[in-house]
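The chains referred to below are lettered A, B, ... by the order of the sequence lines, with proteins before strands, and numbering in each begins at 1.
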Amino acid sequence: MVNESGRVQRQIVLPLSKAMEISFKSLRIRFWRSIITTSGIVLGIAFLMSIFTTNLVNKGLLEKGTLEIKMSLEETEVESAAKQIWLVSLSLLVCVVGITNAMLMSVTERYREIGTMKCLGALDGFIRKLFLLESLLQGLFGSMIGVLIGCGFVIIVNLIKYGGQAVSTFPFFEFLGYMVLVLIIGVVISIMGALFPASQAAKMVPAEAMRSEV
Amino acid sequence: MPGIEQNVVRTRDVKKSFTMGKISLEALKGINLEIKRGEYISIMGPSGSGKSTLFNMIGGLDKPSEGKVYIDEVDVAQLDAYELAWLRCRKIGYIFQTFNLIPVMTALENVTLPMIFAGMSTDDSMNKGMELLNVVGLADRFHHKPLELSGGQQQRVAVARALANDPAIVLADEPTGNLDLKTGKEIIDLLKRLNKEKKVTIISATHDLKMLDVSDRIFWIRDGKVERVEERSEIKLEVGTMEGEF
Ligand SMILES: Nc1ncnc2c1ncn2[C@@H]1O[C@H](COP(=O)(O)OP(=O)(O)O)[C@@H](O)[C@H]1O
Ligand SMILES: [Mg+2]
């Protein structure tokens with residue numbers, strides 16, 4: 001019945017799909033908590049997307065819009081590129097810090113769980129993957145929502161301001177490219193934010209699970 | 001190889017000190033013990049005597065400052081991370097005072113987790129998980145989350161989980177510490193039954209005197225040292241007189 005004596009073997013490395021399964025489950029169960037973390041990403045990405053979309057709308061109008069609109073645009077064109085880059089970098093930095101903070105909390109909260117998993121045979125790499133994937137899933141989901149909110153908001157505002165022209169002159173294919181770019185940025189920053197917390201989790205010693213004091 | 005008489009656990013002069021700032025505390029001061037396959041061992045001692053620390057050493061969860069721990073005559077210190085994980089996964093089952101079930105997983109998922117880590121397919125692990133939940137009498141609660149179960153039930157799920165990969169050793173650190181008298185007794189009886197039926201070696205740290213009855217041997221430890229070792233035959237005589245001491 002029991003594992004008879006024999007050589008000690010090496011633990012197998014589980015496929016990524018297993019880690020994905022567990023990460024997904026744990027996000028679903030901590031749904032509201034995940035939503036709060038995700039909303040930070042949503043805001044940052046929505047801001048980024050709104051800036052890109054505004055630029056695209058203006059570009060379309062400047063190229064193909066009526067003279068009247070061109071004139072009014074040139075008057076209000078005050079925001080310099082440097083200022084935009086500064087704002088965007090700042091908002092993304094806030095995102096990364098927010099994610100790191102949320103993931104660190106999540107690791108501290110689950111130290112016993114992590115220790116227990118290690119007692120049950122989880123490898124360090126598996127624990128790291130769990131947290132990275134959790135953050136990646138949140139980042140992907142949050143970025144998708146953020147992209148929609150960001151461009152949706154800007155398009156509505158411009159429709160009100162300039163009417164149908166804002167849409168008819170809109171450089172649509174360029175816009176799709178930006179959507180993909182922003183999604184990728186969202187995923188990358190969510191992984192960057194999780195790198196340190198995930199390695200803290202992976203380093204945790206299994207003896208932690210044994211400690212009875214909470 | 002003579003399977004029965006072989007030591008499944010052996011320690012040689014195991015010492016462990018913790019340093020906190022300038023203060024160094026020696027939690028284990030040279031532990032020597034030999035445990036044979038199929039034994040039911042209790043490690044008794046007051047709180048702070050070093051039971052959990054000893055456990056972490058035997059379970060490959062922490063490294064001794066000095067001395068050696070052998071599991072199935074393999075020096076644990078020689079193992080790399082992958083081999084240690086394999087050992088924890090396959091050779092040893094852990095039971096904790098605080099149950100330590102994964103709160104976001106159902107009873108069944110908790111039991112199957114070690115099998116997943118061992119690389120078993122989902123179907124096989126589900127079947128075996130249900131079997132084990134049946135053994136501990138909780139098959140009908142398989143889809144419940146830990147928080148929906150009583151302490152005794154959670155600990156029974158933890159027992160099933162400890163048996164997931166048919167370990168040679170089950171290490172239990174104060175398994176009845178958070179349970180009332182009656183449920184504590186049920187867990188002890190369950191462990192004893194598994195010890196008899198499955199021939200699993202059970203090593204249990206405790207200061208629960210109910211454990212005395214079922215143990216083959218008892219290691220009494222105090223201040224990080226084994227004070228004395230009692231065989232089953234000697235225990236029976238003393239149980240009556242000892243109740244009063246605690
Ligand atoms: N991680 C640790 N850091 C510092 N001291 C520790 C640690 N673990 C245990 N100790 C100390 O070692 C001694 C033995 O503890 P422990 O093994 O938990 O005893 P028991 O399980 O018998 O109650 C205690 O004095 C405890 O404070
Ligand atoms: Mg203890």
Which of B:Leu84, B:Leu79, B:Ile71, B:Ile102 touches chain A most, by non-hydrogen pairs under 4.5 Å: B:Ile102
Inter-residue atom distance B:Asn100.CG - B:Tyr94.OH, 0.5 Å rounding: 12.5 Å
Top contributor to chain A interface from B:Gly93, B:Pro114, B:Ala81 [non-hydrogen pairs under 4.5 Å]: B:Pro114
CZ on A:Phe170 to CG on A:Leu159, rounded to 0.5 Å: 10.0 Å
Portion of A:Arg30 that has a non-hydrogen atom of chain B nearer than 4.5 angstrom: side chain
Distance (rounded to the nearest 0.5 Å) between B:Asn178 CG and B:Thr176 OG1: 9.0 Å
Nearest heavy-atom neighbours spanning A:Cys95 and A:Ile189: CB-CD1, 3.6 Å
Proximal component of B:Leu113, with respect to chain A [non-hydrogen, under 4.5 Å]: side chain
Region of A:Ile29 in contact with chain B, defined by heavy-atom distances below 4.5 Å: side chain
Most chain A-contacting option - heavy-atom pairs closer than 4.5 Å, from B:Glu109, B:Lys145, B:Glu174: B:Glu109
Shortest non-hydrogen separation from B:Val200 to B:Pro167 and the atoms involved: CG1-O, 3.5 Å
Interface moiety of B:Ala162 toward chain A, non-hydrogen atoms closer than 4.5 Å: neither
CD on B:Glu26 to OG1 on B:Thr19, rounded to 0.5 Å: 12.0 Å
Note: B:Arg12-B:Glu34 ion pair, threshold 4.0 Å (strictly below): no
Winner by heavy-atom pair count (cut-off under 4.5 Å) against chain B, out of A:Met117, A:Gln11, A:Lys18, A:Arg28: A:Gln11
Most chain A-contacting option - heavy-atom pairs closer than 4.5 Å, from B:Asp80, B:Asp62, B:Val8: B:Asp80
A:Met105 side, atom CE; A:Thr37 side, atom OG1 - distance, nearest 0.5 Å: 7.5 Å
Steps toward side-chain hydrogen bond (donor to acceptor under 3.5 Å, both in side chains) verdict (B:Thr53, B:Asn56): CA-CA 5 Å; B:Thr53 310; B:Asn56 293 339; 5.6 Å; no
Short N-O contact, B:Lys36 and B:Asp216, less than 4.0 angstrom: no
Contact check, side chains of A:Ile184 and A:Val180, non-hydrogen atoms, under 4.5 Å: yes
Non-hydrogen side-chain atoms of B:Leu54 and B:Phe219 separated by less than 4.5 Å: no
Salt bridge flag under 4.0 Å for residues A:Glu174 and A:Lys59: yes
Proximity of residues 124-157 of chain A to chain B, residues having a non-hydrogen atom under 4.5 angstrom: A:Phe126
Heavy-atom contacts under 4.5 Å, residues 20-27 of chain A to chain B: A:Ile22, A:Lys25, A:Ser26
Check ion pair B:Glu73-B:Arg10 (N to O, under 4.0 angstrom): yes
